[in-house]
Protein chains: 4
Amino acid sequence: MDIEPRKQGRQARAKATASDIVEAAARILEGERMDTLTTNRIAERAGVSIGSLYQYFPNKEAILASLVRRERSNLLADVQRIAAGAAGTAAKIDALIDAGLEHQFARPRLALQLEYIEQTLDIGPEAQELATRLADTITDIVRAHAPHADRNAARDIVAICHAIINTAAITGETDTKGLRQRLQRAVYGYLGESNCGYRKAD
Amino acid sequence: MDIEPRKQGRQARAKATASDIVEAAARILEGERMDTLTTNRIAERAGVSIGSLYQYFPNKEAILASLVRRERSNLLADVQRIAAGAAGTAAKIDALIDAGLEHQFARPRLALQLEYIEQTLDIGPEAQELATRLADTITDIVRAHAPHADRNAARDIVAICHAIINTAAITGETDTKGLRQRLQRAVYGYLGESNCGYRKAD
Amino acid sequence: MDIEPRKQGRQARAKATASDIVEAAARILEGERMDTLTTNRIAERAGVSIGSLYQYFPNKEAILASLVRRERSNLLADVQRIAAGAAGTAAKIDALIDAGLEHQFARPRLALQLEYIEQTLDIGPEAQELATRLADTITDIVRAHAPHADRNAARDIVAICHAIINTAAITGETDTKGLRQRLQRAVYGYLGESNCGYRKAD
Amino acid sequence: MDIEPRKQGRQARAKATASDIVEAAARILEGERMDTLTTNRIAERAGVSIGSLYQYFPNKEAILASLVRRERSNLLADVQRIAAGAAGTAAKIDALIDAGLEHQFARPRLALQLEYIEQTLDIGPEAQELATRLADTITDIVRAHAPHADRNAARDIVAICHAIINTAAITGETDTKGLRQRLQRAVYGYLGESNCGYRKAD
DNA sequence: AATGAATGAGCCTTCATTCAT
DNA sequence: CATGAATGAAGGCTCATTCAT
């Protein structure tokens with residue numbers, strides 16, 4: 001199944017339409033029951049006709065793939081910026097936590113749904129690569145800080161953060177500060193450091 | 001939407017058929033693409049006619065709700081047994097970890113899918129209650145061990161374990177022993193205890 | 001694309017439905033504009049719901065393939081009966097002409113449309129084989145009568161008959177007798193025999 | 001349905017565009033699967049925007065009607081030239097055969113497709129008239145040569161030639177010479193003359 | 001009860017056609 | 001006039017669910 005977007009229209013209007021469609025899909029994932037994620041509904045929420053939708057995407061999956069790509073590359077950009085930064089390893093890990101927090105907390109329902117969709121979707125190779133690069137970059141940072149950590153550890157840490165943030169988001173927590181502290185507890189705890197009085201969050 | 005199984009013949013045969021249907025759904029969730037989870041396919045795998053299926057369940061969601069309930073109550077039973085036991089608080093927490101590990105690792109794909117389905121489903125109040133009871137029991141155990149832990153902490157711990165186990169299951173890990181250790185690291189780490197050389201796994 | 005019918009239901013009702021559907025397609029081909037040959041219309045004319053139609057055929061093409069097969073095998077049966085008969089070669093050719101006449105004249109519009117559809121369709125291997133067998137059998141008969149005739153000649157003769165009958169049918173001729181004479185003129189003429197006073201038609 | 005090309009600028013450029021569009025349709029009919037004969041594809045192959053296409057033709061059918069008309073009037077011109085010529089009746093019939101051969105063999109797939117389209121299309125009155133004039137002219141020639149031949153006979157002859165040529169074209173024959181001989185056999189055979197050693201092809 | 005044929009709302013997608021730029 | 005983005009009716013097909021046997 002072709003999963004690539006169809007054309008990046010040369011008129012400005014076209015580019016806007018394509019991303020309107022993707023955003024509409026995101027909004028539906030966030031706010032409605034998953035079974036309303038139909039192409040017709042997407043078109044409707046994008047304020048576009050169904051015909052237009054299919055001028056930009058060859059099928060429903062392509063829309064979702066675009067959405068996944070969009071989110072993923074945003075996060076990857078942040079993470080790479082952190083990795084490339086001059087900060088110390090602990091500071092980088094904190095920054096990583098913050099990045100994850102921002103990303104998932106910005107639109108938690110969306111993040112959650114996308115996680116599921118990614119598994120279901122036969123994601124394109126490009127998105128696949130984004131995922132790998134993301135994982136690698138994070139692994140590098142973690143191992144720079146905690147040399148004894150292996151790939152599993154890095155994966156665990158990412159999973160742990162995901163899980164905690166999701167749970168918090170779903171139960172409607174709003175106290176980002178407390179949440180960040182718990183994330184640090186979890187991560188540094190897992191990495192084997194006492195995190196009592198470890199650092200002043202800010 | 002009605003989600004209860006259809007009350008009827010308490011005969012052994014009827015009960016068996018109903019649970020055959022539920023188990024068929026489980027097997028499909030485990031082994032096939034999610035879009036093959038159709039009522040006709042469920043009936044087929046259960047070795048029942050589609051007509052019969054609808055004699056036992058008023059609709060598809062009811063089957064899934066039953067499945068969720070089945071899994072949940074299994075876990076709840078284990079957890080309650082642990083809670084009621086005479087072991088020390090740390091041993092209880094370890095037992096909790098083991099219970100979770102067993103549950104999710106017995107049929108990891110199923111566990112993963114159900115997690116998603118639970119969110120999608122308009123879970124019945126009974127299942128809702130199971131969830132609450134489960135959370136409460138776990139919270140009690142955790143707080144008995146770590147008095148400073150609040151509800152959030154208990155939730156976080158459950159989420160952490162879920163996440164690590166899922167990730168492990170997805171990536172095809174089989175080393176249950178190593179996994180248990182990492183779970184303990186994560187939990188005790190989060191709870192703020194150094195877990196270096198803390199205890200002999202068994 | 002799968003082109004085979006889906007199930008030959010074990011209940012009598014089922015078998016009837018499947019052939020009702022095929023016949024409905026035939027009727028539409030005969031009597032309506034080709035662009036009304038939609039699965040919905042077929043179902044409607046068959047007096048069946050669209051859902052039922054798709055229980056018997058996996059897609060539109062399969063219905064048409066069944067129809068082609070039905071017509072072809074009817075004709076093939078006739079032709080093989082003729083080939084196997086004890087009649088003289090000339091009588092066999094006459095019988096062939098009559099068979100063709102009957103077949104195409106019974107439902108001329110249908111015959112015409114099917115001819116076109118056959119080319120368009122990726123006909124299944126079975127139907128393909130029917131066609132080959134048909135052509136071979138006819139070739140054999142023709143060459144038995146006119147040894148100098150090659151494959152082209154046999155093909156030409158079939159084409160000639162098709163064409164004449166179609167034209168006649170389309171322009172609404174009803175004089176089968178006269179038509180048969182013209183067909184004989186054409187065939188025997190092509191085969192190089194004087195056909196003046198050649199034989200008494202009956 | 002309006003089937004006429006849109007009257008407009010008689011400028012050379014306009015005329016060229018219109019015939020580019022018609023020719024693009026022809027090329028698609030020849031070289032691609034019939035279901036790619038979409039207006040957008042036609043415009044694309046004509047090197048015109050879809051908007052422009054609709055400036056020249058009110059709808060898709062009008063394009064095809066123009067194409068049919070183009071082919072028909074070409075043939076009609078040839079046939080009328082033959083009819084008006086000074087040659088003997090037999091020579092005229094031969095010329096007729098050659099004309100048909102050239103026409104259909106020049107672009108056999110196109111000829112075949114158009115034949116089908118003509119039936120499907122609600123051909124405009126003008127094209128209808130072309131067909132009639134064509135048939136009449138041919139009938140005249142045939143009857144001049146074979147006075148006993150009636151309208152049916154002329155129709156049959158045309159049909160016969162069509163059919164043989166089509167069959168040859170479909171099966172990929174390239175031996176025009178042999179084909180011409182078979183056509184003559186068929187025609188003269190049908191008209192009741194022995195065609196053995198009848199005439200030297202050229 | 002069990003069976004499985006039948007149902008039809010609704011999904012994805014295409015394509016002829018229009019219209020703002 | 002040309003362009004190409006936008007439109008939406010309509011087609012193929014699925015699947016949860018019903019109902020006659």
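Protein chains get the first letters and strands the later ones, always in sequence-line order, with residue 1 at the start of each. Just so it is clear, the values below take in all heavy atoms, side chains as well, and ignore hydrogens, waters and symmetry mates.
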Between [atom1] of [X] and [atom2] of [Y], what distance do you get to the nearest 0.5 Å?
{"X": "D122(A)", "Y": "M1(A)", "atom1": "CG", "atom2": "CE", "value": "8.5 Å"}
{"X": "I21(B)", "Y": "Y56(B)", "atom1": "CD1", "atom2": "OH", "value": "7.0 Å"}
{"X": "I42(B)", "Y": "D20(B)", "atom1": "CD1", "atom2": "CG", "value": "13.0 Å"}

Any idea which of dT3(F), dA1(E), dA5(E) is nearest the Q55(C) side chain?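 Within the option list, the nearest is dA5(E).
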
Map L53(D) and L53(A) onto DNA chain F by nearest heavy atom, then report which one ends up closer to the 5' terminus.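 Its nucleotide being nearer the 5' end, the pick is L53(D).
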
Of all pairs that satisfy ring pair (Phe, Tyr, Trp, His ring centres under 6.0 Å), the ones with a partner from residues 110-131 of chain B, not counting sequence neighbours: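 Those involving residues 110-131 of chain B are Y116(A)-Y116(B).
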
Shorter than 3.5 Å, N or O on both sides, protein versus nucleotides 10-14 of chain F: list them out with atom names.
residue, atom, partner, partner atom, Å
dG12(F), OP1, K60(C), NZ, 3.0
dG12(F), OP2, T39(C), N, 2.8
dG12(F), OP2, T39(C), OG1, 3.0
dC13(F), OP2, Y54(C), OH, 2.5
dC13(F), OP2, K60(C), N, 3.0
dC13(F), O5', Y54(C), OH, 3.3

Suppose the criterion is salt bridge (Lys or Arg N to Asp or Glu O under 4.0 Å): which pairs have a residue in residues 43-58 of chain C, not counting sequence neighbours?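 Pairs touching residues 43-58 of chain C that pass the test: E32(C)-R45(C), R41(C)-E44(C).
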
In whole Å, what is the span from the [atom1] atom of [X] to the [atom2] atom of [N]?
{"X": "Y56(B)", "N": "dA16(F)", "atom1": "OH", "atom2": "C1'", "result": "20 Å"}
{"X": "D2(A)", "N": "dT13(E)", "atom1": "CG", "atom2": "C1'", "result": "14 Å"}
{"X": "I63(D)", "N": "dC15(E)", "atom1": "CD1", "atom2": "P", "result": "15 Å"}
{"X": "R33(B)", "N": "dC15(F)", "atom1": "CZ", "atom2": "P", "result": "11 Å"}

Partner set under side-chain hydrogen bond (donor to acceptor under 3.5 Å, both in side chains) for E30(D), not counting sequence neighbours: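 Per chain and number, E30(D) pairs via side-chain hydrogen bond (donor to acceptor under 3.5 Å, both in side chains) with R107(D).
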
Within the side chain of N59(A), is there an N or O that forms a donor-acceptor pair under 3.5 Å with the backbone of D2(A)?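 Yes, N59(A) side chain to D2(A) backbone: donor-acceptor pair under 3.5 Å.
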
Looking at R33(C), I want to see if its CZ is surrounded by more than 12 non-hydrogen atoms of other residues, nucleotides or ligands under 6.0 Å.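 Counting other residues, nucleotides and ligands, CZ of R33(C) exceeds 12 neighbours.
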
Is it true that, when you exclude D35(B) itself, more than 12 heavy atoms of the residues, nucleotides or ligands shown sit nearer than 6.0 Å to its CG?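 For D35(B), atom CG is crowded (more than 12 foreign heavy atoms under 6.0 Å).
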
Strictly below 4.0 Å: does S52(C) bring a side-chain N or O up to OP1 or OP2 of dT7(E)?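 S52(C) to dT7(E) OP1/OP2: side-chain N or O found under 4.0 Å.
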
I63(A) versus A25(A), closest heavy-atom pair with distance: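 So the two residues come closest at CG2-CB, 3.9 Å.
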
Sorted by number, the residues of residues 18-27 of chain C with heavy-atom contact under 4.0 Å to DNA chain F: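 Going residue by residue through residues 18-27 of chain C, none turns out to have a heavy atom under 4.0 Å of DNA chain F.
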
Closer than 4.0 angstrom, basic N to acidic O: yes or no for R69(B) and E129(B)?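 E129(B) and R69(B): not salt-bridged.
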
Treat a base pair as Watson-Crick or G-U wobble with both distances under 3.5 Å, then lay out DNA chain F in dot-bracket form, 5' to 3', with | for cross-strand pairs. .||||||||||||||||||||

